[in-house]
Number of protein chains: 2
Amino acid sequence: MSAAPGGKGPGTIRDVARTRTDPGRAAVATRPPRLIRPADRRQQILAAAARLFAEHGFEASSVREIAAAVKILPGSLYHHFATKEDMLHAIVRDAVQRFTAQHEALEALAGDAEYRLVASVIARFRDFVDNWEVNAILWKDSALFRTREEFAYVQAAKTRSFKMQEKILVDGVRARLFRADLDVYLMIGTIARLINSAGDWFRSNVFFHSDRPDAYTLDRTVAFHVDCVLRLVRAPERIAEPIDPAWLAITG
Amino acid sequence: MSAAPGGKGPGTIRDVARTRTDPGRAAVATRPPRLIRPADRRQQILAAAARLFAEHGFEASSVREIAAAVKILPGSLYHHFATKEDMLHAIVRDAVQRFTAQHEALEALAGDAEYRLVASVIARFRDFVDNWEVNAILWKDSALFRTREEFAYVQAAKTRSFKMQEKILVDGVRARLFRADLDVYLMIGTIARLINSAGDWFRSNVFFHSDRPDAYTLDRTVAFHVDCVLRLVRAPERIAEPIDPAWLAITG
DNA sequence: GTCTATACAGTGATAGAC
DNA sequence: GTCTATCACTGTATAGAC
């Protein structure tokens, strides 16, 4: 049986899944509150831009569309952002900060490799659903972030994520929780693609075909994918071991 | 042990993986051959368009770029195609025909559910790599094909693919080759996303991080993913069963 | 902070000469 | 079958009034 900590305190899956950043916190703290803060408008624009970028891609989205979405004229956008690309930077920087916070929470997590793997899968899936727009952008327009030097910090975050996953998988193999013949390199990518594409599917619940309108809840879908990942990595003799239900009950 | 047919004749994985369509065959057969057939120029344009659509998306690709790629002037493209969208239709119709041929070959395949599942995974992965451009388009611009009615035939092909996969998985569960608790609906999508995203990764061998420049051959990568899929679906007591190496030796 | 007005390059597509 | 020339429109971005 895979070992996990008590379930309370600062080292549980729950804490990782709840990891959030708090943008604009400093500004609010140092100034008296206003009825309409300027940051709101900016965030409103970013939200609209993120949605369009996620749905049509960055290149295919126009500033006219973004402006229309926030009921403003195109020219007025340039009071808030210098270029369209600056909007993309603002959007993905938020996400990169969130990823960093998640990584730190995961690395501080007590428990064995399997517990940490489950925690990372759940955190990743939930983040994808909670922040679908930016995750879809990073996922679908990944060529853009790979190619352009201005977005090197995105790749850096992905590398950190890779290293963390590598440590988890290697630890698991050493502890004989995971298969001895596990190809860690291929498996890290496979799990990442599995979770990302599943999160994307879950959000745009369309799938291949139109029939079968069943309601797959978030918890059920997360449990399914945790089960998938464990089947891929677990040592054969542990394949049928149940998963601690407490690990999955993190809907908050 | 999972049962498969002899290995020769018209019912092997090899035949499915080799499924191809032969566009322009009829035209060539009924006319005397020329030094430069008009179909060549058309195919040349389609190839360039497919590449650009795959790399930047349909919307973000311009007819000027396509024209430049085939060293022609933008206006001349409209002698071959009425609209940019017509080019996309020509590209995806080819792929849909190929999918249909693959489905028929798979449905005509002798052997049990596991053998057919392995065949479908291999065929799909290899098709994704062999015809990367159109598969990437269908994969990355999937929202376009889902939304627009003119592309309903693409969705129809995906539905046929879903039904076929459903039959394979249900057959496998009935035959007790696969897990009794298998969620067929979720698993079909999971396998499809796993293979598609893996094919995309394999082609643009970049991954998350820049280190580790190992050479993963096509055969090795296919074997890895076949193994993954079988781990996801197999009954627990069959999890460690070896895969017939002959099933994988289809590089032809 | 948003507006009006606009610059100017790029977009898909067309007409007719060669 | 390709070219030249051009259309109407949309693309990002800017300047200055309010």
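These numbers come from the heavy atoms of this one structure, side chains and all, not from hydrogens, waters or symmetry mates. In what follows, chains are A, B, ... by sequence order, proteins preceding strands, each numbered from 1.
The side-chain contact (heavy atoms from CB on, under 4.5 Å) search around B/Ala49 returns B/Phe53, B/Ile66, B/Met87, B/Ile91, not counting sequence neighbours. When the salt bridge (Lys or Arg N to Asp or Glu O under 4.0 Å) test is applied to A/Arg93, no partner is found at least two apart in sequence or on another chain. Evaluation of the side-chain contact (heavy atoms from CB on, under 4.5 Å) rule for B/Ala90 yields B/Arg42, B/Leu46, B/Phe81 as partners, not counting sequence neighbours. Judged as a side-chain contact (heavy atoms from CB on, under 4.5 Å), and not counting sequence neighbours, B/Thr147 has no contacts.
When the C1' atom of C/dG12 is taken as reference, atom CG of B/Asp86 falls 13 Å away, rounded to whole Å. Distance B/Leu88 CG to C/dG12 C1': 15 Å, rounded to the nearest Å.
Judged as a salt bridge (Lys or Arg N to Asp or Glu O under 4.0 Å), the pairs with a partner in residues 51-73 of chain B (not counting sequence neighbours) are, in order, B/Arg51-B/Glu55.
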Protein-proximity profile, nucleotides 2-18 of chain D, B/S/- by nucleotide at the 4.0 Å heavy-atom cutoff, equals BBB-----BBBBB----
